[in-house]
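What follows is a single structure, written as structure tokens, with notes after it.
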Amino acid sequence: MVQSHIDEGMLLDAMEEEVRERGVATVYMCLEGAELISGVLPKDMCGFRWMLTEDLNFKGLVSEAEVFPFLLSSFNYRPGVPVFGWETVEAVDGEPDRVYSYQIQINYPGAMMPSL
């Protein structure tokens with residue numbers, strides 16, 4: 001992930017605005033290796049925002065090389081729109097850590113997709 005100085009609150013404000021305009025935000029998740037795609041509707045945005053900020057760590061802009069392949073190949077993929085990431089790691093005794101990663105494309109003014 002590429003570290004950035006993007007304010008997570010302002011980014012999520014932009015996401016809320018985009019969800020209102022587009023009707024849905026597509027969320028790409030990699031949960032213990034499983035690839036999942038979900039949609040967040042305007043009515044669900046408050047709870048989703050709370051989950052992102054309380055349960056996950058904001059990773060910032062995602063470089064093009066680190067964008068989930070299934071996001072890049074999705075019909076919802078918007079070239080040139082930056083991808084942002086969130087992640088959490090759950091430690092379980094006697095088992096490998098469980099990694100939960102989320103990536104979301106958000107049309108955030110001033111953010112440019114880094115290419116690495």
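- Relative orientation of the W86 and F58 rings is tilted, given thresholds of 30° and 60° on the angle between their planes.
- In this structure, the separation between CD on E90 and CG on D97 is 9.0 Å, given to the nearest 0.5 Å.
- Here the shortest heavy-atom pairing between N107 and E18 reads N-OE1, 2.7 Å.
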Check: residues 26-49 side-chain donor-acceptor pairs under 3.5 Å, at least two apart:
unit_1 : atom_1 : unit_2 : atom_2 : d
Y28    : OH     : S74    : OG     : 3.1
R49    : NH1    : D13    : OD1    : 2.8
R49    : NH1    : E16    : OE2    : 2.6
R49    : NH2    : G9     : O      : 3.1
R49    : NH2    : D13    : OD1    : 3.0

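- Side-chain contact between F84 and V62 is absent, with no heavy atoms from C-beta onward closer than 4.5 Å.
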Between V83 and L61, is the side-chain contact (heavy atoms from CB on, under 4.5 Å) condition met? List the steps. CA-CA 6 Å; V83 177; L61 279 169; over 6 Å; no
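- Ring geometry for F70 against F68 counts as parallel: the plane angle stays under 30°, on a 0 to 90° scale with 60° as the upper cut.
- Here the OH-OG1 distance, from Y100 to T88, works out to 8.5 Å after rounding to the nearest 0.5 Å.
- Rounding to the nearest 0.5 Å gives a distance of 13.0 Å between CD of E66 and CG of L71.
- Between M15 and I104, some side-chain heavy-atom pair lies under the 4.5 Å cut-off.
- Taking a 6.0 Å sphere around CE of M10, one finds it holds 12 or fewer heavy atoms contributed by other residues, nucleotides or ligands.
- Within the 4.5 Å cutoff, the side chain of Y102 has no heavy atoms near those of the K59 side chain.
- Counting heavy atoms from C-beta on, the side chains of Q103 and V67 come closer than 4.5 Å.
- Nearest heavy-atom pair, N76 versus Q105, reported as atom, atom and distance to 0.1 Å: O-OE1, 3.9 Å.
- With contacts defined as side-chain heavy-atom distances shorter than 4.5 Å, the pair W50/D55 qualifies.
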